[in-house]
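For reference, the structure is listed below as structure tokens.
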Amino acid sequence: MPELPEVETTRRGIAAAMTGDCIAAVVVREPRLRWRLPGEFAAQLRGQSIRAVRRRAKYLLIDLERGCLIVHLGMSGSLRVLPAMTIALKHDHVDLILNSGACLRFNDPRRFGSMHYTTEAPEQHALLRKLAPEPLENDFNAAYLAAKAKRRKVAMKQFVMNGNLVVGVGNIYASEALFRAGIRPSRRAGRVKKAEFAKLVKAIKTVLSAAIRSGGTTLRDYVNAEGTPGYFRQKLFVYDRKGQPCRKCGTAIRQIAQGQRSTYYCPTCQT
DNA sequence: ATGGGCACCTGGCTGC
DNA sequence: TGCAGCCAGGTGCCCA
């Protein structure tokens, strides 16, 4: 499900309710997430106060007194802040009960999401250690991306979704950014010009920022911490618009498969 | 190092 | 109505 804008929207929503509070209890109804939660998971978190809620790539980092809870929402996960004692429904796998009475509830039908408790710096965790720059930071720029693309044969769509090159750009925003940059998703990275990378970097930053302002994109399950959907779907140019007219030129949007994922593009606007 | 494909899992939709 | 098949916002891992 969630790409960077949806994870950032979730972060902002849960941070206010969590920061400064303390974890009174942890309820694990289903430990079989992408990685099985260890038996001691609840005990590790219990009694710890919450220092901050940060984000790195699509991971949420919940800083505690003595460690960090690393959360990933996978394809279908959500985190909501609910009143205490709210009845649990299907796929409500984990609750963090806070001293305030609030309940942070992790729901994830497909269980591709994950939770890890670590006492080392979360950036050093095996899952985060090798991640590329954040797309909205200054070290993600045209010179950087163009250098990474040299002699690479991979298609641009897969190139921008590679978390070793830039993080946070998933299947929706990869198609959207390439549209805004006027680049065909099937082009080989090594053949794209420096000036086009400049447009692409700008497009990635613009589309992710705009999506955050709209509270993310909801296709099916995504909801923010208040349980409401994101509104960026109305502003998508190509994603999930197969056969519909391009919002710039009217040409029918095409859908192709790349690496077993759907890609959408305009055959006129993108060359 | 790079690129390609599969795996993990549930649910919703389509078409017969 | 039932059921098979396909598709879905991610990413770690294995193989060539």
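Computed from a predicted model, the values in this text were never measured in an experiment. Here is the naming used below: chain letters follow the sequence lines, and residue numbers restart at 1 for every chain.
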- Stem regions touching DNA chain C, defined by at least 3 consecutive Watson-Crick or wobble G-U pairs below 3.5 angstrom: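 Listed by first number, the stems are B:2-8 with C:10-16, B:10-16 with C:2-8.
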- [ ] Go through the structure and list residues passing salt bridge (Lys or Arg N to Asp or Glu O under 4.0 Å) with A/E65, not counting sequence neighbours.
- [x]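 Result, salt bridge (Lys or Arg N to Asp or Glu O under 4.0 Å) vs A/E65: none returned.
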Would you say the side-chain atoms of [X] pair up with the backbone N or O of [Y], donor to acceptor, closer than 3.5 Å?
{"X": "A/R151", "Y": "A/G190", "value": "no"}
{"X": "A/Y222", "Y": "A/E6", "value": "yes"}
{"X": "A/R11", "Y": "A/L60", "value": "no"}
{"X": "A/S78", "Y": "A/V223", "value": "no"}

Stacking check: are the rings of A/Y222 and C/dG9 less than 5.5 Å apart at their centres and under 30 degrees in tilt?
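A/Y222 vs C/dG9: stacking no.
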Centroid distance under 5.5 Å and plane angle under 30°, A/F112 vs B/dC9: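 Ring-base stacking flag not set for A/F112 and B/dC9.
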With a 4.5 Å cut-off on side-chain heavy atoms, are [Y] and [X] touching?
{"X": "A/C269", "Y": "A/T251", "answer": "no"}
{"X": "A/V154", "Y": "A/N162", "answer": "no"}
{"X": "A/L73", "Y": "A/D108", "answer": "no"}

Among A/R213, A/K58, A/R55, exactly one meets salt bridge (charged side-chain N to carboxylate O under 4.0 Å, His left out) together with A/E8. Which residue is that?
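Answer to the salt bridge (charged side-chain N to carboxylate O under 4.0 Å, His left out) test with A/E8 among A/R213, A/K58, A/R55: A/R55.
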Could you state the [atom1]-[atom2] distance from [X] to [N], rounded to the nearest angstrom?
{"X": "A/E3", "N": "C/dA8", "atom1": "CD", "atom2": "C1'", "value": "12 Å"}
{"X": "A/Q255", "N": "C/dG9", "atom1": "CD", "atom2": "P", "value": "10 Å"}
{"X": "A/R111", "N": "B/dC8", "atom1": "CZ", "atom2": "P", "value": "12 Å"}
{"X": "A/K242", "N": "C/dC7", "atom1": "NZ", "atom2": "C1'", "value": "12 Å"}
{"X": "A/R220", "N": "C/dG10", "atom1": "CZ", "atom2": "P", "value": "11 Å"}
{"X": "A/M161", "N": "C/dT11", "atom1": "CE", "atom2": "P", "value": "8 Å"}
{"X": "A/L73", "N": "B/dC8", "atom1": "CG", "atom2": "C1'", "value": "17 Å"}
{"X": "A/D221", "N": "C/dG10", "atom1": "CG", "atom2": "P", "value": "12 Å"}

**Request:** If a pair satisfies ring pair (Phe, Tyr, Trp, His ring centres under 6.0 Å) and one of its residues is in residues 64-83 of chain A, list it, with sequence neighbours excluded.
**Result:**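 The answer is A/Y59-A/H72.
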Quiz item: With sugar-phosphate meaning primed atoms plus P, OP1 and OP2, does A/S262 contact a base, only sugar-phosphate, or nothing at under 4.0 Å between heavy atoms?
Solution: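 Sugar-phosphate, no base atom in range.
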| task | Please report the C-alpha distance between A/L45 and A/Y117 in whole Å, then the side-chain angles of each, then the deciding distance to 0.1 Å, and finally whether the side chain to side chain contact (heavy atoms under 4.5 Å, CB included) criterion is met. | result | CA-CA 8 Å; A/L45 303 183; A/Y117 174 68; 3.4 Å; yes
Taking only N and O in the side chain of [X], is any of them less than 4.0 Å away from OP1 or OP2 of [N]?
{"X": "A/K90", "N": "B/dT10", "value": "no"}
{"X": "A/R110", "N": "C/dG10", "value": "no"}
{"X": "A/S76", "N": "B/dT10", "value": "no"}
{"X": "A/H91", "N": "B/dG11", "value": "yes"}

> Taking the P atom of each, how far is C/dG9 from B/dG3, in whole Å?
Replying inline: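 Roughly 22 Å separates the two P atoms.
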Check your understanding: A/N141: what forms a side-chain hydrogen bond (donor to acceptor under 3.5 Å, both in side chains) with it, not counting sequence neighbours?
Key ->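 Applying side-chain hydrogen bond (donor to acceptor under 3.5 Å, both in side chains) to A/N141 gives none.
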Detail all sub-3.5 Å separations between protein N/O atoms and N/O atoms belonging to nucleotides 12-16 of chain C.
unit_1 : atom_1 : unit_2 : atom_2 : d
C/dG12 : OP1    : A/Y59  : OH     : 3.0
C/dG12 : O4'    : A/R34  : NH2    : 3.0

Strictly under 3.5 Å: I want the nitrogen or oxygen pairs between protein and nucleotides 2-5 of chain B, one per line.
unit_1 : atom_1 : unit_2 : atom_2 : d
B/dG3  : OP1    : A/K153 : N      : 2.7
B/dG3  : OP1    : A/V154 : N      : 3.0
B/dG3  : OP2    : A/R152 : NE     : 2.9
B/dG3  : OP2    : A/R152 : NH2    : 2.5

